[in-house]
Amino acid sequence: MSISENVLTTESLQKEPDAENYVDRKRRLWVFSVLWPATPLIGLYLVSQTGWSIWYGLVLILWYGAVPLIDAMFGEDFSNPPESAVPRLEQDRYYRVLTYLTVPMHYAALIVSAWWVSTQPMSVFELLALALSLGIVNGLALNTGHELGHKKETFDRWMAKLVLAVVGYGHFFIEHNKGHHRDVATPMDPATSRMGESIYAFSLREIPGAFKRAWGLEEQRLSRCGKSVWSLENEVLQPMILTAVLYAGLLAFFGPLMLIFLPIQMAFGWWQLTSANYIEHYGLLRKKMPDGRYERQQPHHSWNSNHIMSNLILFHLQRHSDHHAHPTRAYQSLRDFKGLPALPSGYPGMFLAAMFPSWFRSIMDHRVLDWAKGDLDKIQIQPGKREFYVRKFGVTDSESVDTAASK
């Protein structure tokens, strides 16, 4: 039985109680995903009470330091809801309301931070620390937009556009749903990183490639409807207009410092999405069929993570394998499967490692090789790097991963 067949069998799921007795033990803990965007405001409060400027960087400290440590301390949660309980979970409005509440939290963090910058004396380093902290949480507004953008209801989809406007990445709504999910783990996807490709090289390919794909998809859709790409029905333009209005208002109310503060937090917000895309499918490749099409994507075409704390502040984004196999499944229902390619840490820890290419490759390259069972032809490799990996691992296509890993 192949990996793709195995991970989808009911036997591969962790055993859970039946639907009648099932209780989501993390039900109340999902509130962390709502509270996380308020972290910059907590930092500002601590600055006001203590006078210590270190709290401007509270999010940086938590995201790159505390959360990875908590992930390591508490480990992973491999439990799944029984399939018979999923309809009840999906219909429980509590989970959806949490995603709605996250939207105004992002706006509050942005507006209050902008007000603070315009009214309080700050050094360059303090402003930078606050901008980067805000950039992290607003970059994760993309995660809220990601969850809501996969829903079919008009209200949910507009809430997705509204929260994506906070960080000026509204085209993600189209690019991710219609582009990335179609092309993931293939050479056609600018949002799939290649083994041996640094995050810095990847960002230069992914960021413009994502916008170009989103715009092209909307241009095709509107053309079929006999409408101009510049129509207000363009779902790339809609959140872009929201961003322009929001940022123009902040500039008008809070002054020229916004011309520095807003671009920094926006750029670092984009970096969070690039970091996520970079680690989520690193080196993975779907098989190309004889007819030229690629095999249907399966859970093993995404890197998975069951680390508890980071999943609680990310609406289960790290159960990325099940999400790609079943995009409309809500976060509270996402499952773990046996045999999935697994990250050794949650996203915050992996984001940090990605910024140091040699460190990241030392963590991930042997895992990619293991996933491909030692066959380099089954891996997406950065152009020009294949010979490097042949030398590094000392493998040929006929060698086993066990042999390669022992060298």
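Worth saying up front: this structure is predicted, and the values here are computed from it rather than measured.
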Verify the neighbour count for atom [atom1] of [X]: are there more than 12 heavy atoms of other residues, nucleotides or ligands below 6.0 Å?
| X | atom1 | answer |
| --- | --- | --- |
| L259 | CG | yes |
| K178 | NZ | yes |
| Y45 | OH | no |
| W55 | CH2 | no |
| I54 | CD1 | no |

Centroid-centroid distance, H146 to H180, less than 6.0 Å = no

Side chains of W116 and Y56: do they bring a donor and an acceptor to under 3.5 Å?
-> yes

Kindly state each residue pair satisfying salt bridge (Lys or Arg N to Asp or Glu O under 4.0 Å) with at least one member in [range], sequence neighbours excluded.
| range | result |
| --- | --- |
| residues 268-282 | none |
| residues 312-327 | D322-R329, D322-R335 |
| residues 96-120 | R96-E153, R96-D156 |
| residues 187-197 | D189-R213, E197-R205 |

Please walk me through it: do K26 and D77 pass side-chain contact (heavy atoms from CB on, under 4.5 Å)?
-> CA-CA 10 Å; K26 296 181 286 189; D77 173 22; 2.9 Å; yes

Got a sec, which residues hit side chain to side chain donor-acceptor pair (under 3.5 Å) with K227, two or more places apart in sequence or on another chain?
-> E233

Set of side chain to side chain donor-acceptor pair (under 3.5 Å) partners for Q380, sequence neighbours left out | none

Is there side-chain contact between [X] and [Y], with heavy atoms separated by less than 4.5 Å?
| X | Y | value |
| --- | --- | --- |
| L232 | L237 | no |
| H281 | H320 | yes |
| K161 | E235 | yes |
| R361 | Y282 | yes |
| R25 | S79 | yes |
| M350 | I363 | yes |
| I136 | L60 | yes |
| R286 | V184 | yes |

Can you sort out the partners of [X] under ring-ring contact (aromatic ring centres under 6.0 Å, His included), two or more places apart, ordered by chain and number?
| X | answer |
| --- | --- |
| F155 | Y100 |
| F172 | H176 |
| H171 | Y169, F211 |
| F351 | W63, Y347 |

Hey, is the main chain of [Y] close enough, under 3.5 Å, to the side chain of [X] for a donor-acceptor pair?
| X | Y | answer |
| --- | --- | --- |
| N80 | D336 | yes |
| S33 | L312 | yes |
| Y95 | R27 | no |
| S113 | L110 | no |
| W371 | H300 | yes |
| T243 | A165 | yes |
| R367 | L343 | no |
| N304 | P341 | no |
| T144 | T99 | no |
| H301 | Q298 | yes |

What pair of heavy atoms forms the shortest contact from [X] to [Y], and how long is it?
| X | Y | value |
| --- | --- | --- |
| Y107 | L246 | CE2-CD2, 3.8 Å |
| N311 | S305 | ND2-O, 3.1 Å |
| G149 | F173 | CA-CE1, 3.9 Å |
| P40 | S133 | CG-O, 4.3 Å |

Look up atom [atom1] in [X] and atom [atom2] in [Y], then write down how far apart they are to the nearest 0.5 Å.
| X | Y | atom1 | atom2 | value |
| --- | --- | --- | --- | --- |
| M240 | N234 | CE | CG | 7.5 Å |
| T274 | W270 | OG1 | CH2 | 9.0 Å |
| F315 | H323 | CZ | NE2 | 14.0 Å |
| R221 | L217 | CZ | CG | 10.0 Å |
| I313 | M309 | CD1 | CE | 5.5 Å |
| Q318 | W303 | CD | CH2 | 14.5 Å |

Could you point out which residue of Y94, Y331, W36 forms a ring pair (Phe, Tyr, Trp, His ring centres under 6.0 Å) with W30?
-> Y331

Could you check whether the rings of H324 and H181 sit parallel, tilted or perpendicular, using 30° and 60° as the cut-offs?
-> parallel

Just say parallel, tilted or perpendicular for the rings of F360 and Y278, cut-offs at 30° and 60°.
-> tilted

Does the distance from a Lys or Arg side-chain N to an Asp or Glu carboxylate O, for D377 and R386, drop under 4.0 Å?
-> yes

Got a salt bridge between R293 and D291, using NZ or NE/NH1/NH2 to carboxylate O under 4.0 Å?
-> yes

After noting the C-alpha distance and the side-chain angles of L134 and V59, does the key distance pass the side-chain contact (heavy atoms from CB on, under 4.5 Å) rule?
-> CA-CA 8 Å; L134 185 64; V59 179; over 6 Å; no

What residue pairs, at least two apart or across chains, pass side chain to side chain donor-acceptor pair (under 3.5 Å) with a residue in residues 66-76?
-> D71-S310

Is the NZ or CZ atom of K392 both under 6.0 Å from the centre of the six-membered ring of F388 and within 45° of that ring's axis?
-> no

Got a sec, which pairs hit ring pair (Phe, Tyr, Trp, His ring centres under 6.0 Å) with one end in residues 224-260, sequence neighbours left out?
-> W215-W230

N138 and Q265: CA distance, side-chain angles, deciding distance, side chain to side chain donor-acceptor pair (under 3.5 Å) verdict | CA-CA 8 Å; N138 279 348; Q265 68 86 29; 3.2 Å; yes

